[in-house]
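In this text the structure is predicted, and so the values were computed from the model without any measurement. All heavy atoms count here, side chains included; hydrogens, waters and symmetry mates do not.
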Amino acid sequence: MAAQPLIKSKQGEEIINGISTQVVCTEFSNYIFVVLTQYGKIGTLISVTPDSRATDISTPMFTTKVLLGKDEAMTHVCAKHLVTFVSQEAGNRPVLLGLALKDSSIDGIKAMKDMIKSCQVW
């Protein structure tokens, strides 16, 4: 019987809108760590956490906070669109997202979200 690894991790690579895009998803006991890059670097680190003050359970709220990197509005929008489903599917665990994108178009974000789903470890 093979021992289960302490930390589960999956990775993938695809060409999205002509740009090589890599994703790595890693599950820790208290966080899900997702790196999505088109530069081969971790990039901006964003914490995406479920908001415990949400009054309606059917529509959870999420808080994004840039820990390292450029704190721009588009960074927060991309982070919420890319990984809120990860937190929900992982029992409302917080997600740490490393994001380094050349293309943040709507079609690109949708394809990247599917890429993250394909590397599910939660």
Side-chain angles (χ1 to χ4, degrees):
M1 184 167 112
Q4 290 279 47
L6 292 176
I7 298 173
K8 291 192 287 185
S9 187
K10 285 187 181 178
Q11 63 186 41
E13 183 173 358
E14 288 183 26
I15 303 296
I16 296 177
N17 294 335
I19 302 168
S20 176
T21 307
Q22 297 87 30
V23 66
V24 178
C25 297
T26 306
E27 179 188 41
F28 294 93
S29 62
N30 58 343
Y31 264 86
I32 305 294
F33 183 38
V34 177
V35 176
L36 185 65
T37 183
Q38 294 177 326
Y39 288 98
K41 300 177 182 182
I42 290 178
T44 302
L45 282 177
I46 307 118
S47 172
V48 181
T49 54
D51 193 346
S52 60
R53 294 172 285 144
T55 56
D56 185 4
I57 295 173
S58 64
T59 56
M61 302 289 287
F62 289 89
T63 302
T64 56
K65 182 178 180 183
V66 173
L67 304 176
L68 289 171
K70 289 186 178 180
D71 192 352
E72 299 173 338
M74 192 61 174
T75 303
H76 294 271
V77 170
C78 287
K80 282 186 179 180
H81 282 290
L82 286 166
V83 296
T84 53
F85 80 94
V86 173
S87 176
Q88 291 170 328
E89 290 179 5
N92 286 329
R93 276 194 278 177
V95 177
L96 183 60
L97 174 65
L99 196 60
L101 302 179
K102 294 178 184 177
D103 172 29
S104 57
S105 67
I106 292 173
D107 291 339
I109 294 295
K110 287 178 183 177
M112 290 175 219
K113 188 174 178 178
D114 290 338
M115 230 177 122
I116 293 169
K117 286 180 185 178
S118 72
C119 291
Q120 183 172 342
V121 292
W122 49 92

Does atom [atom1] ([X]) have a neighbourhood of more than 12 heavy atoms from anything else shown, all under 6.0 Å?
| X | atom1 | value |
| --- | --- | --- |
| Lys110 | NZ | no |
| Lys65 | NZ | no |
| Glu89 | CD | yes |
| Ile15 | CD1 | yes |

Side-chain donor or acceptor of Thr37 paired with backbone N/O of Gln22 under 3.5 Å:
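The answer is no, because no donor-acceptor pair under 3.5 Å joins these two groups.
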Main-chain N/O of Ile19 paired with Thr21 side-chain donor or acceptor, under 3.5 Å:
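Pair found, side chain donor or acceptor close to backbone of Ile19.
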Considering all heavy atoms, the nearest [X]-[Y] contact:
| X | Y | result |
| --- | --- | --- |
| Arg93 | Phe28 | NH1-O, 2.8 Å |
| Lys41 | Ala100 | O-CB, 3.7 Å |
| Gly12 | Met115 | O-CE, 3.7 Å |
| Pro94 | Thr49 | CB-CG2, 3.5 Å |

Under a single-linkage definition using a 4.5 Å side-chain heavy-atom cutoff for Ile, Leu, Val, Met, Phe, Trp and Tyr, are [X] and [Y] assigned to the same hydrophobic cluster?
| X | Y | result |
| --- | --- | --- |
| Leu45 | Tyr31 | yes |
| Val66 | Leu101 | yes |
| Val23 | Ile7 | no |
| Met112 | Val35 | no |

[atom1]-[atom2] distance between [X] and [Y], expressed to the nearest 0.5 angstrom:
| X | Y | atom1 | atom2 | result |
| --- | --- | --- | --- | --- |
| Cys25 | Trp122 | SG | CH2 | 4.5 Å |
| Gln120 | Ile32 | CD | CD1 | 9.0 Å |
| Lys8 | Cys119 | NZ | SG | 13.5 Å |
| Asn92 | Ser87 | CG | OG | 5.0 Å |
| Leu82 | Leu36 | CG | CG | 6.0 Å |
| Lys113 | Phe85 | NZ | CZ | 6.0 Å |

Between Ser9 and Glu27, is a side-chain contact (heavy atoms from CB on, under 4.5 Å) present by the stated rule, with each step listed?
CA-CA 6 Å; Ser9 187; Glu27 179 188 41; over 6 Å; no
For side-chain contact (heavy atoms from CB on, under 4.5 Å), just list the numbers for Gln88 and Phe62, CA-CA rounded to whole Å, side-chain angles, deciding distance to a tenth of an Å, and then say yes or no.
CA-CA 10 Å; Gln88 291 170 328; Phe62 289 89; 3.7 Å; yes
Can Ile46 and Leu99 be said to form a side-chain contact (heavy atoms from CB on, under 4.5 Å), step by step?
CA-CA 8 Å; Ile46 307 118; Leu99 196 60; 3.9 Å; yes
For a quick check under 3.5 Å, do Ser105 and Asp107 share a side-chain donor-acceptor pair by atom type?
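Judged by distance alone, the side chains do not pair up.
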Could you go through residues 67-79 and list every donor-acceptor pair under 3.5 Å that involves a side-chain atom there, pairing it with any protein atom two or more places apart or in another chain?
| unit_1 | atom_1 | unit_2 | atom_2 | d |
| --- | --- | --- | --- | --- |
| Asp71 | OD1 | His76 | NE2 | 2.6 |
| His76 | ND1 | Thr64 | OG1 | 2.5 |

Might you work through the side-chain contact (heavy atoms from CB on, under 4.5 Å) test for Val24 and Val34, ending with a clear yes or no?
CA-CA 6 Å; Val24 178; Val34 177; over 6 Å; no
With respect to Val86, which candidate in Ile116, Val48, Leu97 satisfies the side chain to side chain contact (heavy atoms under 4.5 Å, CB included) definition?
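For Val86, the side chain to side chain contact (heavy atoms under 4.5 Å, CB included) test succeeds with only one of Ile116, Val48, Leu97, which is Ile116.
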